[in-house]
Amino acid sequence: DAVSAPAEAGSGPDHPDQAQLAEKAATDAQEKIEAQALPIRAYLDQTVVPILLQGLSDLVKARPDDPVEYLAAYLMKHNPKNKK
C-alpha cells in the first residue's frame, strides 16, 4: 500500500467551493473593519446616502399616501447587500 504524503501546511481547502467561501468571508470581514474605521460622514456617504437619495427621488415622483412606508419598502427592495 502506498502511503499518501500529508498535506502541506497552508495548502488550502480540499474543495474550490470552500476556498471561495473562505475568501468571501475574509473579504466581508475586511470590508466591515474598513467601514467601522471610517469617519461618520464618509461611512454614510459610502453606504447609505446613494440609495437614500435614489429612494427619496422616487418618493417625490410617486407622492404616496404613506411616504415613510414607501421609502422603507424602496430601501428594502433596492438594498445592494441583498442582491440575489
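The structure presented is a predicted model; accordingly, all values stated were derived computationally and were not measured.
- For Glu23, the CD atom is loosely surrounded, since the number of other residues' heavy atoms within 6.0 Å does not exceed 12.
- Hydrophobic cluster membership differs between Val68 and Val48, with clusters built from Ile, Leu, Val, Met, Phe, Trp and Tyr side chains linked at under 4.5 angstrom.
- The minimum heavy-atom distance linking Met76 with Asn82 is given by the pair O-ND2, 4.3 Å.
- Atom NZ of residue Lys77 and atom CG of residue Leu75 lie 12.5 Å apart, to the nearest 0.5 angstrom.
- A single hydrophobic cluster is not seen to contain both Val60 and Val49; linkage of ILVMFWY side chains at heavy-atom distances under 4.5 Å, directly or through other members, places them apart.
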- Query: Going through the distances and angles, do Ile51 and Tyr74 end up as a side chain to side chain contact (heavy atoms under 4.5 Å, CB included)?
  - Reply: CA-CA 9 Å; Ile51 189 70; Tyr74 181 94; 4.2 Å; yes
- Item | Audit row: Leu56, Leu59, side chain to side chain contact (heavy atoms under 4.5 Å, CB included) steps and yes/no | CA-CA 5 Å; Leu56 290 172; Leu59 174 78; 4.1 Å; yes
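- Atoms CD1 and CG, on Ile40 and Asp45 in that order, are 12.0 Å from each other to the nearest 0.5 Å.
- Across Leu44 and Pro50, no two heavy atoms sit closer than the pair O-CD, 4.3 Å.
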